[in-house]
Amino acid sequence: MREKLDFLTELGNIGASYATTALSKMLHDAKLKLTVPQSRILSFSEAANYIPDPEEVVVCVYMRMVDIFDANIAFILPMNSALALAGFLTSEKSEHLTDLGQSALLEVGNIMLSSYLTALSMISGAKLKPAVPAIAVDMNGAIWESILADAGITDFVTVLETHFSTEQIELSGHLFFIPDHDLYEFLSSKVSGFLLEEST
Amino acid sequence: MNEIFVNMGQIGVIKNSGVLVTVGLGSCVGVSLYDPSTKVGALAHVFLAKSRGNADSELLPGKYADTAIPALVDLAVKAGANRDRFEAKIAGGAHLFENTKPDMPSVGQRNVEAVIEQLHKHRIPITGKDVLGKRGRKMSLFVDTGIVIVTSIGQQPIQI
C-alpha cells in the first residue's frame with residue numbers, strides 16, 4: 001500500500017509540476033514553490049474533516065472527467081490569492097472578483113488542470129481527457145463536499161494534493177486530484193512496471 | 001452558548017438551549033427537526049440521496065436521505081421530543097459550478113427531492129426551506145426558539 005501511495009505521490013508531483021510550469025509562464029516566468037504532494041486515502045469521516053476552515057471563501061476551478069475512468073481535479077485559491085492572480089492577468093485593480101477576473105482565472109485553471117492531466121496520461125497511459133472546466137466562488141466546505149458528492153464517494157477517497165506558492169505576487173493555492181477506484185487501481189498497478197524498469 | 005457543529009454525514013441533537021450548526025452545505029442538504037413543546041432540536045447534514053444498501057449507512061445514517069430522516073426522528077424522540085410536534089426545515093442542494101451542465105437532475109436536486117420525500121413519508125410538515133440555486137450555505141438551528149438562520153457568502157442571512 002505504501003509503495004502504491006508513494007508512486008501516486010510521484011505522479012501527483014509530475015502532474016503538479018506541469019500545471020505550475022504552465023502557471024509560471026503566464027506569470028512571466030515567476031518562480032513557483034511546490035510542496036511535496038501528499039497522497040492520502042481518506043475514509044468518508046476523514047474526508048468530511050479534511051478542509052481546515054470550511055467557511056473560508058475560495059475560488060475553485062474544477063473539472064470532472066467521465067470516461068473509461070472517472071476523476072475529479074480542482075485548483076483552489078483563497079480569495080486574496082485569487083484577487084492577486086486575477087489582478088496580474090487582467091491589469092484590473094479590484095477588491096472584488098470581477099467577471100473579467102473570473103474568466104481569466106477559469107482560463108488559467110483550465111490550462112493548469114489540462115497540463116496536469118496530460119502529464120498523468122503520458123506517464124501512466126491512462127486516457128484522461130480534460131473536460132469543460134467550471135468555476136465557483138464559495139465557501140471552501142461547500143465546494144469540497146460538492147466535488148466529493150459529484151464523485152459519488154461513498155466509502156474511501158484517494159486525494160492527491162499539492163500546495164504551491166510564489167513570491168512574485170501574493171499567491172498560494174492547492175491542486176487536488178481525486179481518481180475513482182478504477183483509476184486508482186489502474187495508476188497504482190503501474191507501480192510494479194516502474195520498479196522493474198528501475199531495477200534493470 | 002452551547003454550539004455543536006454537525007459535519008458531513010452526521011446528525012446532532014440538543015435540548016432546551018444551544019445551537020446546532022452545519023457549515024459548507026453545497027449539494028448536501030441540511031435537515032432540521034424541532035419540537036417546540038419540548039425544545040428538542042436535531043440537525044442532519046445529508047450527503048447523497050440513497051443509501052442503496054451501503055454498509056456505511058448503518059455507521060453513518062446521516063449520510064443518505066433515506067437513512068438520515070428515520071435516524072433523525074429516532075434521535076430526537078430519544079431526547080424527549082414528541083413525534084407529532086415535529087417541524088422540519090431544509091437548506092442546501094445547490095449546484096455550485098453553474099457554468100457546467102449538471103447531471104440531470106443535479107446531485108443537489110436529487111438530495112432535496114429525496115429529503116422531501118422522506119419527510120412526507122414520516123408525515124413531518126416542512127415549515128421552512130431555502131434550497132437549490134448556486135450558492136453554498138451555512139445553517140444554524142437555535143434550539144431555545146426553533147429559529148433557523150441560513151447564510152451564504154455575499155448575502156444577508158435569512159430566517160427560514
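Chain letters run A, B, ... following the sequence lines, proteins first and then strands; every chain starts at 1.
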**Request:** Say whether A:Met122 and A:Leu160 are linked into one hydrophobic cluster, either directly or through other cluster members, by side-chain heavy-atom distances under 4.5 angstrom.
**Result:** yes
**Message:** I need the contact set between residues 12-34 of chain B and chain A: heavy-atom distance under 4.5 Å, sorted by residue number.
**Reply:** B:Val23, B:Gly24, B:Leu25, B:Gly26, B:Ser27, B:Cys28
**Fill in**
Nearest heavy-atom contact between B:Phe97 and A:Ala134 is CB-CB, 3.4 Å
**Prompt:** Out of curiosity, A:Phe44 CZ to B:Met8 CE, how far, rounded to the nearest 0.5 Å?
**Reply:** 4.0 Å
**Prompt:** What are the residues of residues 149-160 of chain B, in order of number, with any heavy atom under 4.5 angstrom from a heavy atom of chain A?
**Reply:** B:Thr151, B:Ile153
**Asked** When heavy-atom pairs shorter than 4.5 Å are enumerated against chain B, which of A:Ala48, A:Ala47, A:Gly141 gives the highest number?
**Response** A:Ala48
**Complete:** Listed by number, the residues in residues 116-142 of chain B that come under 4.5 Å of chain A (heavy atom to heavy atom) are B:Lys134, B:Arg135, B:Gly136, B:Arg137, B:Lys138
**Asked** Considering only heavy atoms, which portion of B:Leu59 lies under 4.5 Å from any heavy atom of chain A: side chain, backbone, both, or neither?
**Response** neither
**Asked** Should B:Val73 and B:Leu43 be regarded as members of a common hydrophobic cluster, given that ILVMFWY residues are connected when their side-chain heavy atoms come within less than 4.5 Å of each other, either directly or indirectly?
**Response** no
**Request:** Go through the atoms of A:Ile147 and report whether side chain, backbone, both or neither lie under 4.5 Å from a heavy atom of chain B.
**Result:** side chain
**Least distance between heavy atoms, B:Leu60 atom then A:Ser45 atom** = CD2-OG, 4.3 Å
Taking only distance into account, with no hydrogens and no angle test, what donor-acceptor pairs under 3.5 Å do side-chain atoms of residues 107-121 of chain A form with protein atoms, sequence neighbours excluded?
{"unit_1": "A:Asn110", "atom_1": "OD1", "unit_2": "A:Ser114", "atom_2": "OG", "d": "3.4"}
{"unit_1": "A:Ser114", "atom_1": "OG", "unit_2": "A:Asn110", "atom_2": "O", "d": "2.7"}
{"unit_1": "A:Ser115", "atom_1": "OG", "unit_2": "A:Ile111", "atom_2": "O", "d": "2.7"}
{"unit_1": "A:Thr118", "atom_1": "OG1", "unit_2": "A:Ser114", "atom_2": "O", "d": "2.7"}
{"unit_1": "A:Ser121", "atom_1": "OG", "unit_2": "A:Leu117", "atom_2": "O", "d": "2.9"}
{"unit_1": "A:Ser121", "atom_1": "OG", "unit_2": "A:Ala126", "atom_2": "O", "d": "3.3"}
{"unit_1": "A:Ser121", "atom_1": "OG", "unit_2": "A:Leu128", "atom_2": "N", "d": "3.4"}

**Fill in**
Between the CG atom in B:Leu96 and the CD1 atom in A:Ile135, the distance rounded to the nearest 0.5 Å is 12.0 Å
**Item:** Top contributor to chain B interface from A:Gly152, A:Ala149, A:Pro54 [non-hydrogen pairs under 4.5 Å]
**Value:** A:Ala149
